[in-house]
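Along the sequence shown, residues are numbered consecutively beginning with 1. Quantities reported herein were computed from a predicted structural model and do not represent experimental measurements.
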Amino acid sequence: MDNSPAGGPNGPAADCPLVEVVATYLPRLTEFSFEPGLVAAVDQHAAAVRDALLPAPRRGGAARSRAAGPPPRAALFTPVRREDLADYVLGFTDWLTEAEWTEPVGHDFATLRLTAVCWLVREHDLLDGRGGAAG
């Protein structure tokens, strides 16, 4: 799968903050086959990011009463939107800058979170030129 931004460096996603994060952290996804624990950690971080981005009604969660039954299958798989994830990344990386964070050799909270962002970008094709916009 080609994970480069659509249209190359000047394509529609070129000014998106996700491009730099993907360029830096997407290669960490290749470590999945060597570190099974990394898969679980990144999965948990991806779920936390999704929860932060998707209000409960969009997730099909807390806003529904138990009597209403389970949410429709489509509600469980609401796609993440590029604009929402980009805003999240801007805030998160600003916080890292303020905290004077430096990337460690291994994995810490920030590298796991940024790797999870890359996983979400890949899974939702957020740099494919359409912006992952859900109708």
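- A heavy-atom distance below 4.5 Å is found between the side chains of Arg82 and Cys16.
- Taking all atoms of both residues into account, the shortest heavy-atom contact from Ala46 to Ala116 is N-CB, 3.4 Å.
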Working for side-chain hydrogen bond (donor to acceptor under 3.5 Å, both in side chains), residues Thr111 and Asp108: CA-CA 5 Å; Thr111 58; Asp108 67 355; 3.2 Å; yes
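- A distance of 8.0 Å separates OG1 of Thr93 from CD of Glu20, quoted to the nearest 0.5 Å.
- The shortest distance between side-chain heavy atoms of Tyr25 and Val117 does not fall below 4.5 Å.
- Between atom CG of residue Asp43 and atom CG of residue Leu112 there is a gap of 11.5 Å, rounded to the nearest 0.5 Å.
- Among all heavy-atom pairs drawn from Val80 and Arg50, the shortest one is CG2-NH1, 3.5 Å.
- Leu126 places none of its side-chain heavy atoms less than 4.5 Å from the side chain of Val22.
- The CG atom of Leu96 lies 10.5 Å from the CD atom of Glu103; values are rounded to the nearest 0.5 Å.
- Checked by atom type and distance alone, the side chain of Thr24 never pairs as donor or acceptor with a backbone atom of Val21 at under 3.5 Å.
- Val121 and Leu90 are members of different hydrophobic clusters when ILVMFWY side chains are connected at heavy-atom separations under 4.5 Å.
- Within a 6.0 Å sphere centred on CD of Glu123, other residues, nucleotides and ligands contribute more than 12 heavy atoms.
- The two residues Pro27 and Ala23 make their nearest non-hydrogen contact at CD-O, 3.9 Å.
- Here Phe109 pairs with His45, Phe92, Arg113 under the side-chain contact (heavy atoms from CB on, under 4.5 Å) rule; sequence neighbours left out.
- In terms of hydrophobic clustering, with Ile, Leu, Val, Met, Phe, Trp and Tyr side chains grouped at heavy-atom distances under 4.5 Å, Leu120 and Val39 are assigned to a common cluster.
- Separating the CD atom in Glu31 from the NE2 atom in His107 is a distance of 4.0 Å, to the nearest 0.5 Å.
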